Amino acid sequence: MDPVAGTAEHRGPLEVRARAPGKIILAGEHAVVHGSAAVAAAIDLYTNSSLLLRPTGPGEGGGAGSGAVELDLRDSGLTFSWPCSRLRGALGEEISANPGAPAPCSPDQLAAIARLLQDQEIPEAKIWLSAGLSAFLFLYASILGCRPGKAVVSSDLPMGAGLGSSAAFCVSMSGALLTAAGAVSVGARRGAEGWEVLEKGALELVNQWAFQGEKIIHGKPSGIDNSVSTFGKMIKFKKGELTNLESWNPVKMLITDTRVGRNTKALVAGVSERASRHPDAMASVFHAVNSISEELSSIVELAAEDEIAITSKEDKLAELMEMNQGLLQCMGVSHSSIETVLRTTLKYSLVSKLTGAGGGGCVLTLIPTCILFYISPGCIFSFMVLYKINTIQLMCDFC
Ligand SMILES: Nc1ncnc2c1ncn2[C@@H]1O[C@H](COP(=O)(O)OP(=O)(O)O)[C@@H](O)[C@H]1O
Ligand SMILES: C[C@@](O)(CCOP(=O)(O)O)CC(=O)O
Ligand SMILES: [Mg+2]
């Protein structure tokens, strides 16, 4: 079966599933928003978006004006539904489907989307989902228009913890929507477990749409999260430019989730405000982070062949991570829960730094290869070996 050929013309039900990975940032978060280099790697935790499109043909009961756009957020246990006629009324003038031309969400479009969210009962305790819902409605209407369909989302990633759940959500959803719209086709490359991998041009389009979604959630994203979620691997990212990094030796990272919730948009805005209050000092901080990311990216690529070389490489990585953490403290994005993890791991001579936006969320600890490491089942730590290649992947079924 060619899973994509004919999707635009297809008149029966169509199901597309896409999954996109989260990420860790080894160096350069926040500074990357201000033009410094950063280093990130995709991890083996995914967000899955599945999309079921109802028939659109005349006589099949699913014209563009009837039915609804539904969203089922499995992890939150919440479902949302917008009648297509309501979407058309609210967005018809504002958004028309143009999957091949990614464009930002305008203030008028965002206001129309906010009115659509008012129709829904979002529990106060989960109000932070509004940003994700807005990104969903924008991507759906911009890529597929106001036609009926049902999206189901589930994720391995904790939300708002620094592992890029917002980007994985936007990437997997853009991939599913673009495939359903017939705007991208999967390549000949087969990924793991039967998943199909998109061609380079298709990945570029997914990435551009996901970036537009990330803007709704992050405010001012650098683009590193959606890029690493789309293209996978380990990357250096600077001012929108992406360089693949080849890691010859496995780099082992422990990820500790402090379980302190926070919001990337607010933290990114806080750093920008500090930068406008102290432009010279913060420019020096961003410059220092840039040097750290550049050095870290070249060390990652060194092929260490014996134990001495591996230890020396790991010592340098640890020192750079420690320096980066100090500069993140200067930016005002550390947190007492993060400091507790730093102190705790330091007792075992292990170096840690926050990853992602900080303010809580996850902390990375470099685990030297000489250390035997055991994590008991059910504990709050995850352990990653960074040499897996995870990218957005797709599956399509014609029912
Ligand atoms: N699976 C999901 N379903 C709905 N919204 C999501 C999902 N994953 C992420 N989001 C949105 O992204 C926000 C978290 O993004 P952010 O603050 O950038 O943290 P991070 O990207 O580190 O997880 C959530 O509050 C929500 O609005
Ligand atoms: C702080 C930042 O550098 C990374 C944010 O990552 P996350 O949303 O916390 O997973 C922001 C960005 O680059 O867009
Ligand atoms: Mg995010």
Side-chain angles (χ1 to χ4, degrees), residues 1-20 47-71 82 84 87-88 91-92 94-105 109 135-153 168-191 194-213 226 229-231 391-399:
M1 175 187 69
D2 176 344
V4 169
T7 45
E9 299 300 320
H10 193 75
R11 291 284 174 252
L14 161 71
E15 187 180 8
V16 182
R17 276 171 285 157
R19 64 176 194 172
T47 293
N48 290 268
S49 293
S50 88
L51 184 68
L52 180 67
L53 284 191
R54 307 265 148 70
T56 55
E60 290 184 74
S66 64
V69 172
E70 295 168 72
L71 177 63
W82 294 270
C84 288
L87 279 188
R88 192 166 289 280
L91 300 177
E94 299 298 341
I95 301 181
S96 54
N98 196 355
C105 183
Q109 290 169 342
F136 167 76
L137 282 176
F138 172 70
L139 292 171
Y140 194 103
S142 305
I143 296 172
L144 276 180
C146 299
R147 60 178 288 188
K150 177 170 182 172
V152 181
V153 181
F169 175 69
C170 293
V171 172
S172 62
M173 189 56 73
S174 301
L177 291 166
L178 286 165
T179 306
V184 301
S185 39
V186 291
R189 274 198 306 147
R190 283 257 162 198
W195 290 90
E196 318 240 1
V197 182
L198 292 171
E199 305 279 12
K200 180 117 192 327
L203 289 175
E204 298 284 358
L205 189 61
V206 169
N207 192 35
Q208 286 171 28
W209 273 116
F211 184 55
Q212 302 309 332
N226 50 280
S229 181
T230 305
F231 296 102
T391 69
I392 177 177
Q393 297 161 349
L394 286 136
M395 263 187 213
C396 310
D397 295 325
F398 296 99
C399 315

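Owing to the predicted nature of the structure, the values given are computational and were not obtained by experimental measurement.
Listed here is the closest heavy atom pair of Ser229 and Ala20: OG-CB, 3.4 Å. Nearest heavy atom pair, residue Leu53 against residue Gly149, reads CD2-CA, 4.1 Å. The minimum heavy-atom distance between Arg147 and Cys84, with the atom names listed, is C-SG, 3.8 Å. Nearest heavy-atom pair across Pro99 and Leu178 is O-CD2, 3.6 Å. When all heavy atoms of Val171 and Ala210 are compared, the pair lying nearest together is CG2-CB, 3.6 Å.
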- Val69/Leu144 under side chain to side chain contact (heavy atoms under 4.5 Å, CB included): CA gap, chis, key distance, verdict: CA-CA 11 Å; Val69 172; Leu144 276 180; over 6 Å; no

- Item | Intermediate values then yes/no, side chain to side chain contact (heavy atoms under 4.5 Å, CB included), Gln109 and Leu91 | CA-CA 7 Å; Gln109 290 169 342; Leu91 300 177; 5.8 Å; no

- Checking side chain to side chain contact (heavy atoms under 4.5 Å, CB included) for the pair Glu15/Ser50: CA distance, chi angles, key distance, verdict? CA-CA 7 Å; Glu15 187 180 8; Ser50 88; 3.9 Å; yes

- Please walk me through it: do Asn48 and Val152 pass side chain to side chain contact (heavy atoms under 4.5 Å, CB included)? CA-CA 8 Å; Asn48 290 268; Val152 181; over 6 Å; no

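In terms of the ring-ring contact (aromatic ring centres under 6.0 Å, His included) criterion, Phe138 has no residue partners (sequence neighbours excluded). Taking the side-chain hydrogen bond (donor to acceptor under 3.5 Å, both in side chains) definition, one finds that Gln212 meets it with Lys215, sequence neighbours left out. With sequence neighbours excluded, the residues that form a side-chain hydrogen bond (donor to acceptor under 3.5 Å, both in side chains) with Thr47 are Ser155. With sequence neighbours left out, the side-chain hydrogen bond (donor to acceptor under 3.5 Å, both in side chains) criterion links Gln208 to no other residue. Residues forming a ring-ring contact (aromatic ring centres under 6.0 Å, His included) with Phe136 (at least two apart in sequence, or on another chain): Tyr140.
Judged as a salt bridge (charged side-chain N to carboxylate O under 4.0 Å, His left out), the pairs with a partner in residues 200-210 (not counting sequence neighbours) are, in order, Lys200-Glu204.
Note that OG of Ser49 is 12.0 Å distant from CZ of Arg17, once rounded to the nearest 0.5 Å. Remark: Arg19 CZ to Ser172 OG distance equals 11.0 Å, nearest 0.5 Å. Here CH2 of Trp209 is found 5.5 Å from CD1 of Ile143. Values are rounded to the nearest 0.5 Å. Within the model, atoms CG of Leu198 and OG1 of Thr230 stand 9.5 Å from one another, a figure rounded to the nearest 0.5 Å. Leu139 CG to Leu177 CG: the interatomic distance, rounded to the nearest 0.5 Å, is 6.5 Å. Note: Leu14 CG to Leu52 CG = 8.0 Å, rounded to the nearest 0.5 Å.
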